[in-house]
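Atoms within a ligand are numbered from 1 in the order they appear, just like the ligands themselves. We're numbering straight along the sequence, starting at 1.
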Amino acid sequence: MTSRYRGRFAPSPTGPLHRGSLVTALASYLDARAHGGKWLIRIEDLDEPRCLPGMAEDILDTLAAVGMRPDEPVSWQHRRVAHYQAAFDALDAQGLIYPCGCTRREIADSLANTRARHTTLAYPGTCRNGLQGKAPRAWRLRVPDGDAAIISFTDRWLGQQRQNLATEVGDFVLKRADGPWAYQLAVVVDDAEAGITDVVRGADLLDSTARQIYLQQCLKMPVPGYMHVPLVLAQDGEKLSKQNGAQPLDRSALLSELAWAARFLGLPMTSDSAATLERFYECAIAAWGQRWVTCSPA
Ligand code: GLU
């Protein structure tokens with residue numbers, strides 16, 4: 001059976017793979033394999049100060065050690081800036097981009113002055129009609145007003161989603177004057193060019209999805225399917241990360257780390273299903289397929 005499914009895992013090399021990132025990698029890998037599709041890796045290394053030297057290689061080594069090998073060469077965002085510029089130019093040609101000179105403080109102050117308390121912090125569009133003599137700090141994408149601002153999609157894990165870009169997000173940044181391309185633009189350009197049909201990633205990115213769908217619409221790119229899987233939380237209730245004490249995976253117990261990740265994703269794993277890597281993937285792919293790919297009768 002040939003499948004058109006193409007999925008990916010897109011780590012930022014800011015720290016070694018830990019239990020949280022293993023869960024996301026595993027979910028994307030199992031979904032690709034259960035669909036008989038391709039699985040790719042993209043290293044999201046645009047935010048240079050946060051990327052640690054050698055960390056991308058370390059992550060790739062760990063993925064190989066747990067048996068997750070990509071079907072095509074790994075792609076690196078730092079090599080792809082010409083593509084982000086081309087997409088930016090295409091949006092600019094549609095009149096959708098404007099420079100913004102607001103500082104974070106100015107945005108917060110103007111929201112405090114003009115909006116009722118408890119509204120979400122959408123950029124209020126201060127620079128839509130010009131910089132008023134300020135230097136540009138960033139370039140923003142104009143989002144539509146009214147009903148056109150509502151983006152809806154069905155998340156395979158979380159169900160129906162809806163976000164009003166105008167009231168919940170506002171015109172969003174595509175590039176900073178002093179910094180790299182924004183994640184939102186890079187991810188959309190890269191997913192489209194790699195022909196990604198299904199994005200499986202952590203639930204912390206659910207909130208970014210409407211922005212990405214809007215960018216896909218503006219750039220006439222296909223909209224992939226989305227699935228946002230639960231996050232592994234640290235003791236402070238935040239997403240597990242290097243900052244809140246995530247430990248690198250135990251290299252001497254990778255099979256138990258994998259079995260833990262599979263159980264975290266709700267897959268029934270018996271003790272013999274993690275006897276070898278081969279056995280683990282056989283069981284985990286079958287269990288994932290049964291839950292998320294084959295429609296089992298109610
Ligand atoms: N680079 C992002 C992260 O490490 C993931 C981006 C994505 O999957 O869209 O959290």
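At a heavy-atom cutoff of 4.0 Å, ligand 1 is contacted by the side chain of Leu205 but not by its backbone.
Side-chain contact annotation: His83 with Glu193, donor-acceptor N/O pair under 3.5 Å present.
Close to ligand 1: Arg8, with a non-hydrogen atom less than 4.0 angstrom away.
Partner of Tyr29 under the ring pair (Phe, Tyr, Trp, His ring centres under 6.0 Å) criterion, out of Phe280, Phe9, Tyr281: Tyr281 alone.
Of all the atoms in ligand 1, the ones that sit under 4.0 Å from a non-hydrogen atom of Arg201 are 7 (C), 8 (O), 9 (O). Atoms of ligand 1 found under 4.0 Å from any heavy atom of Val187, numbered from 1 in the order shown, are 9 (O). Under a 4.0 Å criterion applied to the non-hydrogen atoms of Tyr183, ligand 1 contributes the atoms 6 (C), 7 (C), 9 (O). Close approach of ligand 1 to Ser12 (heavy-atom distance below 4.0 Å) involves ligand atoms 1 (N), 2 (C), 3 (C), 4 (O).
In this structure, Arg156 is not positioned above the aromatic face of Tyr226 in the sense of NZ or CZ being under 6.0 Å from the six-membered ring centre and within 45° of the axis.
Counting heavy atoms of neighbouring residues, nucleotides and ligands inside a 6.0 Å radius, atom CZ of Arg176 does not exceed 12 of them. Open room surrounds CD on Glu48; 12 or fewer heavy atoms of other groups in view lie less than 6.0 Å from it.
Among the atoms of Ala10, some N or O lies under 3.5 angstrom from an N or O of ligand 1. Of the polar atoms of Glu44, at least one N or O is found under 3.5 Å from an N or O of ligand 1, judged by distance alone.
Under the 4.5 Å side-chain heavy-atom criterion for Ile, Leu, Val, Met, Phe, Trp and Tyr, Leu205 and Val223 are members of the same hydrophobic cluster.
For atom 10 (O) of ligand 1, the closest non-hydrogen atom on the protein side is Lys239 NZ, 3.9 Å.
Phe88 has its ring centre less than 6.0 Å from the ring centre of Trp181.
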